There are 2 protein chains.
Amino acid sequence: MASANIKEVARYAGVSLGTVSNVLNRPEVVASTTRQRVLDAIHKLGYVRNDSARQLRAGRSRTIAIVVLDVSNPFFTDVIQGAEQVVESSGGMLVVCNSGENARREDRHLDMLEEQRVQGLLITPMSDGRHERLDALIAHGIPVVLVDRGSGHPNRCSVAVDDIAGGRLAAEHLVGHGHERIMYVGGPLSIRQVADRRAGATAALAERAPRARLETYETAGLSVAAGRQAADDLAARPEGERPTAVFCANDLLALGVLQGLTVHGIRVPEDVALVGYDDIDFAAAAAIPLSSVRQPRALLGRTAAELLLEEALEGDRHGHRHVVFQPELVVRTSSDHRRGLVAGHPPAR
Amino acid sequence: MASANIKEVARYAGVSLGTVSNVLNRPEVVASTTRQRVLDAIHKLGYVRNDSARQLRAGRSRTIAIVVLDVSNPFFTDVIQGAEQVVESSGGMLVVCNSGENARREDRHLDMLEEQRVQGLLITPMSDGRHERLDALIAHGIPVVLVDRGSGHPNRCSVAVDDIAGGRLAAEHLVGHGHERIMYVGGPLSIRQVADRRAGATAALAERAPRARLETYETAGLSVAAGRQAADDLAARPEGERPTAVFCANDLLALGVLQGLTVHGIRVPEDVALVGYDDIDFAAAAAIPLSSVRQPRALLGRTAAELLLEEALEGDRHGHRHVVFQPELVVRTSSDHRRGLVAGHPPAR
DNA sequence: TGGCTGAGTTGAATCCTTTCACTGCCTGGA
DNA sequence: TCCAGGCAGTGAAAGGATTCAACTCAGCCA
């Protein structure tokens, strides 16, 4: 039942502890006949290395953790997959922790990860206020890379996407199609991303179409249900008072708005054009394929992981970097009825 | 930089090692003044327990792992969240590993989890052929619970949903609405779930509507794209030769079919009724809300985790169980135009 | 033959926590 | 006054892998 340990392997193979360890970690220094004898013993006894002992000695584990706000949000699963690729090919292991937008759970995870002396941490923290907890981790020598929060903090790296540019892209596209009454649906505005995307849209309108108006509809959250609610409210207005275009802070909201409008017989894009944000795979799969501002989700994860590995390698010489990606607009039917279903690139992975 | 250890805490507080350990693990046996002194020292020195040493001593970690086929499939994220609840409230920690439908990655994860002596494992394995690897884990004393694969194996528990019953539900619903030409879209048929769902549908037709016909359209995978392809093929047929209803092996396929049919001007449900499987949240959020066979996804995860904890607790006395849940049909607009948008229960979590 | 080299191997020390048999001390009862 | 018993606290041992200085030995040259 209990696995054999290195000592039993050594005895069985008729060598010392050190030799077994060498076979495991530096096989080239062991004579090939000895090596084979040890490998046979390992196989025979079903020996499995005890990682706890190994880590205890090494002072550090080889696993990297990613803490996300919501595993069930397709945006994050794509970020995870990107990080996975990099960690995997470096021979490490990525574990995923889900804070579920709950500060207590985030804390619990951070505590346990710190006790485990993880090699490093990728995290999209709950809020900017939680940076002290992260500082403590960093002070204990655990590198942290922020994902999707530009921070400019001097003691950690970060990767993010330029949300202001994203807001611009969406707004410019809509005014380019002649829309002058645009509604921004998103909330709460206390979330930096939500605010930044709106700010970008506002700026674009000011520059490109001074006559155009951007109305804000603040939602309680970023879910499909919140989007449906927004659509209901919008449909309740007299026809003349409705915007001709809606820009949503993320795709879940946009899908909700789409569904709500359809119920009320308001056609997308003929009556109301619609643009979402994130370009999750389900955006392209909606019955009216959704135009969306694409974030390089997997690239975000990959880059974050690379920065982390870099820091782990370079140690104190490491210079922290803040990488900001540019978003990209993907136009589909929901904001341009001339687009066929094939419009837009295939979803990024 | 490097954290203080228990010895330094002991010296700082003027007590012995054992006392510090007692404060940490059995605070009630320590006199309150001493306890406070130790806690102060811990705080002062920023002491963080070293989990490796702890595990080494204990011989076992307290983390539980869940290995899923695809983190980006909403079905699995819901299973994860269910498991998370249970593990969390038991004071453990759940880590998520993604095999990405790749046998090598699955192996790597299993190897590392075994080295880490995890307390237990929830897994939806790649295929039935991989059970030997799991047997090895079990032989080494790591309990394994299969998720979503009924197995009847005598040395492990499993949780699953009755796919034959699910197929029946869908088919009975459709024949109940007068459909006699039904198409089953799903594949590859080598996946047991895909085959079982079809078998259930076939059985239901034989009993309830001997005149009805079930045609099978085998897809290469279970993706949105595959569903779209199926819809294209279907639309290419002369109108009289099309089925009047389509039953898909999962919701991603169904969303693809829905999208494809819409493009070709085929109305859902008026021209073709549509039923999916899994009832992922996006099913209810589709522009034509999708009827679907709901699996108790979160319950699946919860139960799996409970069985695992039970086994970890009971040890050898544990009797392995195989829990099979019954699926439930959720009727929405896609198969019944009389349903409003509010039809169907709110999505299960 | 003696000395030297280098490849191969050894085993004690180390990492940190938990456990448990044990010591001291104190109190209450005889 | 003595003893039993309970409470606090102690410290050595154990858990398993890794590291590294030290050692062995065969081979080679002078």
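Just so you know, these numbers use all the heavy atoms, side chains as well, and skip hydrogens, waters and symmetry mates. Each chain gets a letter, A, B and so on, in the order the sequences are listed, and its residues count up from 1. Note that the coordinates shown come from a computational prediction; the quantities given were computed from them, not determined experimentally.
Both S16(B) and A53(A) sit near DNA chain D, but only S16(B) has its closest nucleotide nearer the 5' end. Annotation: of the two residues near DNA chain D, G18(B) and R54(A), the 5′-most nearest-nucleotide partner is G18(B).
Close to dT9(C), at under 4.0 Å from its OP1 or OP2, lies a side-chain N or O of T34(A). OP1 and OP2 of dC16(C) both lie 4.0 Å or more from every side-chain N or O belonging to N50(B).
For E115(A) and dC16(C), the CD to P distance is 15 Å, given to the nearest whole Å. As rounded to whole Å, 13 Å separates atom C1' of dG11(C) from atom CD1 of I6(A). Summarising the geometry, the separation between OH on Y47(B) and P on dC15(C) is reported as 15 Å, rounded to the nearest angstrom. For the pair R26(A) CZ and dT10(C) P, the interatomic distance rounds to 15 Å; values are reported in whole Å. Taking atom CD of residue E28(A) and atom P of nucleotide dG8(C), one finds them 11 Å apart after rounding to whole Å. Rounded to whole Å, atom P of dC15(C) lies 13 Å from atom CG of L17(B). Straight-line distance from the CG atom of N22(B) to the P atom of dT18(C): 10 Å, rounded to whole Å. Rounded to a whole Å, the NZ atom of K7(A) is 12 Å from the C1' atom of dA12(C).
Ion pairing of E88(B) with R104(A) is absent here, as no side-chain N (NZ or NE/NH1/NH2) approaches a carboxylate O to less than 4.0 Å. Using a 4.0 Å cut-off between charged side-chain N and carboxylate O, E310(A) and R321(A) make a salt bridge. Between R49(B) and D111(A) there is no salt bridge, since none of the side-chain N atoms of the basic residue sits less than 4.0 Å from a carboxylate O of the acidic one.
A donor-acceptor contact closer than 3.5 angstrom is absent between the side chains of N50(B) and N5(B).
Listed nucleotides: dT19(C), dT17(C), dG11(C). Nearest to the side chain of S21(B): dT19(C).
Expressed to the nearest 0.5 Å, how far CG of L113(B) lies from CD1 of I66(B) amounts to 11.5 Å.
Contact annotation: the side chain of F325(B) approaches that of T303(B) to within less than 4.5 Å [non-hydrogen atoms, C-beta and beyond].
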Exercise for the section: Output, in order, the C-alpha distance, side-chain angles, deciding distance and verdict of side chain to side chain donor-acceptor pair (under 3.5 Å) for R108(A) and N102(A). Expected result: CA-CA 10 Å; R108(A) 270 187 46 125; N102(A) 174 332; over 6 Å; no

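The base of dT18(C) sits with one of its N or O atoms less than 3.5 Å from a complementary donor or acceptor on the side chain of R57(B).
Backbone-only contact: N25(A) has heavy atoms under 4.0 Å from sugar-phosphate atoms and none from a base. Residue contacts shown for V20(B) are absent, as no nucleic acid heavy atom lies under 4.0 Å away.
Nucleotides of DNA chain D lying under 4.0 Å from heavy atoms of chain A occupy a range whose first and last members, 5' to 3', are dG16(D) to dT19(D).
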